[in-house]
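Remarks on the structure that follows.
Just so it is clear, the model here is predicted, and its values are computed rather than measured. Lettering follows sequence order; numbering is per chain, from 1.
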Amino acid sequence: MRLSRYFLPALRETPSEAQIVSHQLMLRAGMIKQNGAGIYTWLPLGLRVLQKIEAIVREEQERAGAVELLMPTIQQAELWKESGRYEAYGKEMLRIVDRHEREMLFGPTNEELITDVFRSFVKSYKQLPLNLYHIQWKFRDEIRPRFGVMRGREFLMKDAYSFDLTPDAARQAYYRMFCAYLNTFSRMGLKAVPMRADTGPIGGDLSHEFIILADTGESAVFCDRELVDMAPPGLDLDFQADLKPEFDRRTALYAATEEMHDPARFEREVPEERRLSARGIEVGHIFYFGAKYSAPMRAHVTGPDGKDAPVEMGSYGVGVSRLAAAIIEASHDERGIIWPAAVAPFTAAVVSLRPDDAAVSAVCESVYGALLKAGVDVLYDDTPERPGAKLSTLELAGVPTLVVVGPKGVKAGVVEVRDRATGSVVEMSAEAAIQSLVGTSGG
RNA sequence: CGGAGUAUAGCUCAGCCUGGUAGAGCGCUUGCUUCGGGAGCAAGAGGUCGUUGGUUCGAAUCCAGCUACUCCGACCA
């Protein structure tokens with residue numbers, strides 16, 4: 001992408017409405033624009049990040065055996081009346097009336113819809129286990145949205161729903177998602193700690209929140225330090241196997257959010273030097289809730305004994321749009337965002353210090369062309385801005401690697417390769433710069 | 001929903017107290033000089049001062065209503 005043809009409306013000053021660093025940086029880097037309280041347009045750079053996050057979530061869901069579909073944003077009220085949540089959900093649910101005076105709603109979640117899909121098509125235990133997921137915009141009319149997309153009213157969420165015949169099988173489905181989540185967050189460069197969670201209004205008796213640690217996190221968390229650096233299960237994990245040992249190993253140590261925190265137990269179970277009190281951001285939440293929806297909505301399957309029973313369900317959410325902000329909270333410095341390569345909007349940028357210099361432009365074009373051809377997500381800054389302004393903007397936007405091409409370097413036969421995270425600046429031939437990027441870019 | 005603020009140029013803000021017809025910096029346009037860390041000079045464009053009403057000879061300024069946004073609390077991926 002040539003920056004001269006791109007749309008990157010970066011701001012030099014911080015808009016006054018932004019309180020936390022991720023919101024400030026997202027506005028300044030031209031990722032989002034606010035429309036109303038908790039409602040945002042995703043500008044091109046922000047959309048790229050969102051799509052990278054989505055892609056990772058999708059790959060790891062598929063790896064764990066989940067199947068993607070897409071449910072609507074606007075739903076009819078009927079199913080919610082059936083489950084009993086139309087009254088129970090309260091004002092957070094945005095209710096809409098259509099031209100025929102029918103009651104509609106903008107979905108805050110999708111248990112009812114998916115349960116309806118399931119009961120329409122699945123009748124036998126032989127079609128189980130099943131895990132269906134989608135990545136869709138949701139709306140919750142929060143009393144007080146804040147912190148940009150961290151707690152918006154409209155947000156993009158991945159939610160998966162598992163269906164099993166027995167509680168034991170349902171627990172295995174839960175363990176699969178548990179492991180998939182750890183791999184998912186790890187791939188985004190995050191250290192996520194699973195914490196025993198309150199099941200809240202969704203109900204059920206088994207639930208974990210996935211928390212990433214960040215000073216600006218909205219909830220206080222308490223855990224054993226060992227958990228923070230525990231490696232994820234890994235992409236070669238066998239999702240067909242019994243994952244209970246894996247799950248048990250990762251939930252044996254103390255980890256709790258404020259609501260579930262038991263100070264006495266914390267002190268009893270965790271040696272003092274390993275006690276970690278920090279702040280965290282919830283980026284995922286998984287629930288096992290059995291027949292909470294399948295019973296009232298009569299989503300029954302016939303078992304091998306010929307008897308019908310409500311299907312055992314669980315639901316598994318990832319806050320996709322929230323993750324964009326959460327990653328920034330966990331990875332930034334005074335100059336701006338530091339994207340982990342896997343979610344960076346562009347993995348590299350070629351920066352022409354002198355677009356009016358033919359020799360400089362020739363080197364830029366050849367590097368840019370080679371990187372494009374190799375499938376690297378590369379931005380080419382061919383604009384006539386001054387060097388300082390260019391570098392500042394690209395550092396603000398967090399591009400992981402810059403290939404800086406200037407007249408001095410070109411005369412000496414070198415370009416500069418700058419690493420955003422470490423700040424290192426290395427001179428090398430254009431050829432070597434291309435090689436280093438093609439070799440390391442994971443796409 | 002309770003409490004507290006804010007609303008003036010694209011952005012950050014001043015002006016309001018003490019009423020007299022709107023400013024700065026950055027950004028934008030044009031030209032020249034510059035060009036390796038957010039350039040300099042010159043000339044420009046850009047605002048029904050959130051909105052409605054009231055007071056007044058006269059309102060960005062004083063008063064009231066409304067709306068939007070932000071912050072603190074209860075709620076949440």
Please tell me which of the listed nucleotides, B/C35, B/G38, B/C1, lies nearest to the side chain of A/Pro387? B/C35

Mate of B/C13 where both pairing distances stay under 3.5 Å, Watson-Crick or G-U: B/G23

Distance in angstrom units between A/Ile143 CD1 and B/U70 C1', rounded: 17 Å

Whole-Å distance, A/Ile281 CD1 to B/C76 P, equals 18 Å

Ring center gap for A/Tyr174 and A/Tyr288 short of 6.0 angstrom: no

Residues A/Lys81, A/Glu78: salt bridge by 4.0 Å N-O rule: no

Would you mind pulling out the nucleotide paired to B/G44, Watson-Crick or G-U wobble, both distances under 3.5 Å? B/C28

To the nearest angstrom, how far is A/Leu27 atom CG from B/U70 atom C1'? 13 Å

Could you tell me the Watson-Crick or G-U partner of B/A4, where both distances fall under 3.5 Å? Say none if there is no partner. B/U70

Salt bridge check, A/Glu329 against A/Arg322: does any charged N sit closer than 4.0 Å to a carboxylate O? no

Report yes if a side-chain nitrogen or oxygen of A/Gln34 is closer than 4.0 Å to either non-bridging phosphate oxygen (OP1 or OP2) of B/U70; otherwise report no. yes

Out of B/G36, B/G38, B/C76, which nucleotide sits closest to the side chain of A/Val404? B/G36

Nearest-nucleotide wise, let me know which of A/Arg335 and A/Arg322 is further upstream toward the 5' end of RNA chain B. A/Arg335

May I ask you to evaluate whether A/Arg144 reaches the phosphate of B/C72, defined as a side-chain N or O under 4.0 Å from OP1 or OP2? yes

Can you figure out which of B/A74, B/U12, B/C35 approaches the side chain of A/Arg354 most closely? B/C35

Establish, yes or no, whether a centroid distance under 6.0 Å links the rings of A/Phe287 and A/His285. yes

Using a 4.0 Å heavy-atom cut-off, does A/Gly38 contact any base of the nucleic acid, only the sugar-phosphate backbone, or nothing at all? nothing

Measure from the side-chain heavy atoms of A/Gln19 and tell me the nearest of B/C76, B/U70, B/G27. B/U70

Should A/Arg146 be listed as having a side-chain N or O under 4.0 Å from OP1 or OP2 of B/G73? yes

Tell me the interatomic distance from A/Leu353, atom CG, to B/U34, atom C1', rounded to whole angstroms. 14 Å

State whether A/Arg187 and A/Glu60 are salt-bridged, where the test is any N-O pair (Lys NZ or Arg NE/NH1/NH2 against Asp/Glu carboxylate O) under 4.0 Å. yes

Tell me what A/Asp356 touches on the nucleic acid: a base, only sugar-phosphate, or nothing, going by heavy atoms under 4.0 Å. base

Position toward the 5' end of RNA chain B (nearest nucleotide), A/Ser321 or A/Glu416: A/Glu416

A/Pro15 side chain: which of B/C11, B/C76, B/G38 is closest? B/C11

I'd like the C1' distance from B/A9 over to B/U48, given in whole Å. 14 Å

Between B/U70, B/C75, B/G36, which nucleotide has the shortest distance from any of its atoms to the side chain of A/Pro407? B/G36

Considering only B/C69, B/G38, B/A39, which nucleotide approaches the side chain of A/Arg386 most closely? B/A39

Among the nucleotides B/G36, B/G38, B/C76, which one has an atom lying closest to any side-chain atom of A/Arg151? B/C76

Classify the nucleic acid contact of A/Glu259 as base, sugar-phosphate or nothing, counting any heavy atom under 4.0 Å across all strands shown. nothing

Suppose we call two aromatic rings close when their centres sit under 6.0 Å apart. Are A/Phe346 and A/Tyr6 close by that rule? yes

Any N/O donor-acceptor pair, A/Arg12 side-chain to B/U12 base, under 3.5 Å: no

How long is the line joining CZ of A/Arg28 and C1' of B/U12, in whole Å? 12 Å

Taking A/Tyr293 as the fixed residue, which of A/Glu112, A/Glu111, A/Arg85 is the one that meets the side-chain hydrogen bond (donor to acceptor under 3.5 Å, both in side chains) rule? A/Arg85

Separation between the P atoms of B/C63 and B/U56, rounded to whole Å: 16 Å

Over how many whole Å does the gap from A/Glu142 atom CD to B/C69 atom P extend? 15 Å

Considering every strand and a 4.0 Å limit on heavy-atom distances, what is the contact class for A/Gly406: base, sugar-phosphate, or nothing? base

Using only modelled atom types and a 3.5 angstrom limit, is any donor from either the side chain of A/Glu13 or the base of B/G38 paired with an acceptor on the other? no

Given atom CZ of A/Arg153 and atom P of B/U70, what is their separation to the nearest angstrom? 9 Å

Mind checking if A/Ser16 touches a base, just sugar-phosphate, or nothing, with heavy atoms under 4.0 Å? sugar-phosphate

Need one value for A/Gly36: base, sugar-phosphate or nothing, where a base atom within 4.0 Å counts as base even if backbone is also close, heavy atoms only. sugar-phosphate

Using a distance-only criterion (donor-acceptor N/O pair, under 3.5 Å, no hydrogens), is the base of B/G38 paired with the side chain of A/Glu385? no

Ion pair A/Glu246/A/Arg250, N-O distance below 4.0 Å: yes

Atom CG of A/Asp357 to atom P of B/G36: distance rounded to whole Å? 13 Å

